[in-house]
Structure formats: structure tokens, C-alpha cells
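Computed from a predicted model, the values in this text were never measured in an experiment. Chain A is the first sequence line, chain B the second, and so forth, proteins listed ahead of strands; every chain is numbered from 1.
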Amino acid sequence: MAAGHIILARAADGSVTATSEDGRAEAVPDLAAYLREHPGVRWVWDDTTRWYPALLAQGVRVDRCHDLRLCHVILRNSVLTAGSALAAAPAGPWDEPLGAIGGGDGLFDLEEPVVLDVVAEFRLQRDAVAGTADPGRIARLLAAESAGALVAAELTFAGMPWRADVHDRVLTGILGPRPAPGERPACLAELADELRRILDAPDLNPDSQPALMKALTRAGLRVSSTARWELRRIDHPVIAPLLEYKKLARLLSANGWHWLDTWVSGGRFRPTYVPGGVVTGRWASDGGGALQLPKEVRSAAVADPGWKLVVADASQLEPRVLAGMSRDAELARAGQGDLYDGIVRSGAVSKRDDAKVAMLGAMYGATTGDSGRLMPRLARQFPRAIALVEHAARAGERGERVTTMLGRSSPVPGGAWQLAQSAALGEDAGEDEASRARGQARAWGRFTRNFVVQGSAAEWALCWMGGLRSRLQAIAGQRWLTDGPHLVFFLHDEVVVHSPAEDVEAVVAAVRESAADAGRLLFGETEVTFPLTVAVVDHYGEAK
DNA sequence: GGGTCTTGCGCG
DNA sequence: AAAGCGCGCAAGACCC
């Protein structure tokens, strides 16, 4: 049996109080020492971002926590806890966005710090969970979400190993040497000159969309935007160098030398992750753009000497999660190996690429094009899976909420949406109004359709990563976080572990065992498999 | 000079 | 000007 919960609270003066489950409270003069003296406890606190980074900096790791702020958001919105006192209460400080609550450590925070009653909030949350038909379900979500908060803090603390010299070499190879401030790198400057020459626009700044638009129009190109997908299908000598320019300009502005100066220091890339930052439950990032790290620069993520990167990604995660949720045995069978090959073997479609496009269409709500055309063939072959996403779409079109495997619910559409729908029902509603409302209803249906799949896949990933974190800790033994194998990167369905070479075998096993556990945590015993692609590499660019 | 919107593109 | 979901970021445009 676990050692139970201890609730930590910080008063306005900074003093810390610990309250155990039987209600006994004690002052905690030395927090780091207190945590070390109580291993195995699940620490309950207002917000992991307000406690854990400082503890890590003092060399203290935490096994488990309950993040009240993240859990509050889930319980406030879930249809499973809609009848709870927590959900019925008016919006309060726990509903405020990240960073706005608590002791007011913001630099210009002039307001009185709000001291949150963490003991009362924890009781409300436990009651909300206990009041559901299957308390274990949403409890698993809260545990996974909280574990994710610990992982996020540790990812930032440890950082992804990053070689600035390698990154610089990549940039120089593609763009030319680093230019003086305010200048374009050589390759971009040459391309810009070429564009000006071809378009006969000597002062053109190709970074300005309106200016580019004008120059293209003057040269006789009929375009309605300067987006790549539109330019790509035009036959004109300017297109090739223009697309090349855009590609290089993107690399320079998003992940060039400026990015390197800003986000990489001491040989580590340290972005900020935001657990629960996306409505579906996916993480967002805030600074560093960790979730958009382009493939071109991944070779700069190099393992330290004597260390390796273990890169693992879950293959075709979303359709597998859909198979699990819908208990679609046919789709589970198709996913015994490569899922898209399996769909071809089932006879639904004839090419692997068609299987992929059709499946994406089912999960995103495609209605036209190849995707929309192929999707009905899936419905015949995998009726349970497709019925699940169709139901989610219909519910969204009616303005209802939908819920993931572990209990995160979608928001209700906003006031403008509701207004448009009721306006369309009015007697004097015009055809315009009605069709706009229909369009918005379908758009919300596409969102809820995707929500159940994307959100449940995010839960799988949280469970996977949480389990992996514990296993890595066990492998590390007495070693400190960054001295043993540890997570350094996360990307929706992919993780990177930085590991001493001698631990790699154990790490690979841990990654796979954690994936199998995650499947069971979401679906119990299930036919659905969650195969991983695992690569042990010296640099991230080698994987995939 | 600041804040916010728009465009375009990177990731899953 | 996306067909088909979810994001973040940078640059320029635009407004005050």
C-alpha cells in the first residue's frame, strides 16, 4: 500500500505547512529535507510549476504528486463529474490560467496574493472522483496528468543535449555563414536578388507578404495568397527560387542562430512544456518551440560521450487508440503489425497510402477529396470504430460535449456558435444564416470527432511517459536524475531518453513495457497492440 | 513605441 | 484558398 497523501501549502509569508490525510498539520521549516524523509508519498500541491523546479534545483526528486490546478480543470469540465460540488461551485481562483494564482511571485503583481485553500480543494476533488460511476477511470487520468507535470518539469531541468557547434554547421551548410545583425545570410541574399531580377522588382522584400503579392501579380501570376501549396502548382520561373527562399527563410527565423542564442545554453536545449496546454489534453509549449523542432536541425541533439539517445515513437497511435476505445476487434486485428498494411489486407482499400489517407479522413472528418471518398470503405470494414467517431461528430454538431477514454471532456462551443445556431432556427432566418450555422455546426463536429481520438491518444502518451519515468528511476537507482537514464524530449507520441550506454538495453525494455502498461491503463485487457519504433542513436537526426 | 492581427509554416 | 484536427512562433501589417 502506498504511503498516502500529504498536502503541502505555502502561506503568504512563504512558510510551508504539511497536512496528512487524518488532518494533522505540521510546519515544515526545511522542505527539501522533509520530502527526503518521506519517500513514496503522493504530494498534493497547488501547481507543480510553483514547487518542483526549485526542488529539482536543490537535488530533490519527487515520486508522485497530485497537481490540484491541472486536476481541477479536468474535474470542472468532465461530464463524468458534472454533478459534483466542485463542478457546481462558481468559478474561483482554481479556474484562473497558469501562473495567475497563488503567492503572486510575478514581478509586477500588485494584487494581494491569493492564498488557496489546498486542503478544501483536495477534499472537493476526492469527492468529485468518488461520486463517479467508475472512480478508477478519472483517477487514472488525474494521476497521469500529474505525472506529466513532474515529467515536464524534469524535461526542462535536464534539457535535451544540444551541440551549438553542430547546429551552427548545419545552418552554415544550408544558409551560408552567420551574417552580421540585420543582414541576410549569403544563400538567402542571393535568392532574394534572383527573385527581384525575375520579377523585375528591384526593391522587393520577399519577407513581406503584401509586397510579394503585388510583385507576383505585376508579373502576371494569378494568385490569391503566397502560400506554398498554392505557388507549388504554378508553372513560372520564379516559383522554384521563391519556394527555396521561403524554406530557408523559415529555417533562419524559426531555428536559426537567434534561436540557438536564446534557447540553448550549457550544451542543453531547455524549452518549457505546458501540460494540459491544449484542450484535448495534449501538451503545449511556451518558449523554445519544442513541439515544432524541425527535422533539419535534429542532428544537433547529440548524446554526451559515453551516452546514447533512445528515441521511441508509437506507431499509428491514434487509430490504435480508436480501435481500443471502440472495442473494434477487426481494427485491432488489422493493427497486429503495420496498421495500414493490415487495413489493406482486410480488403477495405487496395493501397497502404489509401489506408492512411482514409483513416486520417475518418479521424479528422474529411468530406471531399481522396480522403472523403475512401472513408466510407473503412466504415464497412470497421463499423464500430467509425461509428464512434461519427457519434462524436454528431454530438458536437448538436453542441454537446464528448469525452475521452479516461474522462476528459470537450468544452461547450462558445456564445457566438450558440447564437448562430439559434438564429438559424428562427422563422425569419435567411438561407445565408442557415448555411453559415450548418457550416459552423459541422466544424464543431469535426473538432469533437477529433477530440475523442486526439485526447485519448494524449492520455495513452501520458500513461506511457509516466510509467517510463518510474522505470527509468528504478534503473537509475541511487543516481541523481541527470546521472542515470532520463527523459529529455517529448513530442505527442514520441519520447527521447538520454542514457548512459551501459543502461541502454534496460531502457529499451522499459520503453516497451511502459507502452504495454499504457494500453492496459486505458483499455484493460485488450486485443489492441501498441508497437513502438525504437532507435538507439548518437544523435536525434539518425532516428526516422 | 506598444499591442494585436494576419500570414505562413514547422510539428504531431 | 484548403480539402481535414490540434498547436507555437516569427515577421510584417496595422492600429492606437
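- The residue L360(A) sits apart from the nucleic acid: no heavy atom pair falls under 4.0 Å.
- Among dG10(B), dG6(C), dA2(C), the nucleotide with an atom closest to any side-chain atom of R233(A) is dA2(C).
- Remark: the Q209(A) side chain and the dG12(C) base include no donor-acceptor N/O pair separated by less than 3.5 Å.
- Protein atom CZ of F490(A) is 13 Å distant from nucleotide atom C1' of dG6(C), rounded to whole Å.
- Using a 4.0 Å heavy-atom distance criterion, R449(A) is classed as making no nucleic acid contact.
- With rounding to the nearest 0.5 angstrom, the NZ atom of K246(A) is 10.5 Å from the CG atom of L195(A).
- Ion pairing between E397(A) and R438(A) fails under the 4.0 Å rule for side-chain N and carboxylate O.
- Comparing the C1' positions of dA3(C) and dC5(B) gives a spacing of 25 Å, expressed to the nearest Å.
- Per the geometry, OH belonging to Y540(A) stands 13 Å off C1' belonging to dG10(B), to the nearest Å.
- Of the candidates dC5(C), dG4(C), dG8(C), dC5(C) carries the atom nearest the Q454(A) side chain, counting heavy atoms from C-beta on.
- A 4.5 Å side-chain heavy-atom check between L231(A) and R228(A) finds every atom pair outside the cut-off.
- One interatomic measurement links the two molecules: CG of D207(A) to P of dG12(C), which rounds to 5 Å at whole-angstrom precision.
- At a threshold of 4.0 angstrom between heavy atoms, the contacts of R373(A) with the nucleic acid are absent.
- Without hydrogens or angle criteria, R178(A) side chain to G256(A) main chain gives no donor-acceptor distance under 3.5 Å.
- Across dG12(B) and dG4(C), the matching P atoms stand 22 Å from one another, rounded to whole Å.
- Counting any heavy atom pair closer than 4.0 Å across all strands shown, G372(A) reaches no nucleic acid atom.
- Residue side chain W229(A) meets the stacking definition with respect to dA2(C): its ring centre sits within less than 5.5 angstrom of the base's six-membered ring centre, and the planes differ by less than 30 degrees.
- Rounded to whole Å, the P atom of dA1(C) lies 16 Å from the corresponding atom of dC9(B).
- The side chain of V279(A) lies closest to dG6(C), out of dC9(B), dG8(C), dG6(C).
- Applying the 4.0 Å criterion to OP1 and OP2 of dC9(B), one finds that K247(A) has every side-chain N and O outside that range.
- We find that CE of M375(A) is positioned 14 Å from C1' of dC5(C), with the value rounded to whole Å.
- In this structure, the nucleotide among dG12(C), dA3(C), dG10(B) sitting nearest to the side chain of T368(A) is dA3(C).
- Base engagement by S371(A) is indicated by at least one non-hydrogen atom pair under 4.0 Å involving a base atom.
- For the pair N205(A) and G277(A), nearest-nucleotide mapping onto DNA chain C gives the more 5' position to G277(A).
- Put simply, R250(A) has no side-chain N or O that comes within less than 4.0 Å of OP1 or OP2 on dC9(B).
- Going from atom CE of M160(A) over to atom C1' of dC11(B) covers 13 Å, rounded to whole Å.
- Between dG10(B), dC7(C), dG12(B), one nucleotide has an atom nearer to the side chain of V278(A) than all others, and that is dC7(C).
- Between dG8(B), dC9(B), dG12(C), one nucleotide has an atom nearer to the side chain of T226(A) than all others, and that is dG8(B).
- Distances were taken from every side-chain heavy atom of R298(A) (C-beta onward) to each of dG12(B), dC9(B), dG8(C); the shortest belongs to dG12(B).
- Only the P atoms considered, dT6(B) is 13 Å distant from dA2(C), to the nearest whole Å.
- As the counterpart of dT7(B), dA10(C) is assigned, both hydrogen-bonding distances of the Watson-Crick or G-U wobble pattern falling under 3.5 Å.
- The side chain of Y364(A) lies closest to dG4(C), out of dG4(C), dC7(C), dG10(B).
- To the nearest angstrom, P of dC9(C) lies 11 Å from CG of N255(A).
- We find that CG of L248(A) is positioned 13 Å from P of dC9(B), with the value rounded to whole Å.
- Nucleic acid contact class of G365(A) (heavy atoms, under 4.0 Å, all strands): sugar-phosphate only.
- Residues M465(A) and V495(A) are in side-chain contact: their nearest non-hydrogen atoms beyond the backbone lie under 4.5 Å apart.
- Between T280(A) and the phosphate of dC7(C), there is no side-chain N or O to OP1/OP2 separation shorter than 4.0 Å.
- Taking 3.5 Å as the limit, the base of dG12(B) and the side chain of R282(A) contain a donor-acceptor pair of atoms between them.
- Residues F489(A) and W162(A) keep their aromatic ring centres 6.0 Å or farther apart.
- Of the possible donor and acceptor atoms, none in the side chain of R352(A) sits under 3.5 Å from a partner among the backbone N and O of Y340(A).
- DNA chain C is contacted by both N450(A) and S224(A); S224(A) maps to the nucleotide lying nearer its 5′ end (nearest heavy atom per residue).
- For L243(A) and dG10(B), the CG to P distance is 11 Å, given to the nearest whole Å.
- Between H492(A) and F490(A), the angle of the ring planes goes over 60°, which puts this pair in the perpendicular group of the 30/60° scheme.
- Phosphate proximity of dG12(B) to K295(A): present, with a side-chain N or O under 4.0 Å from OP1 or OP2.
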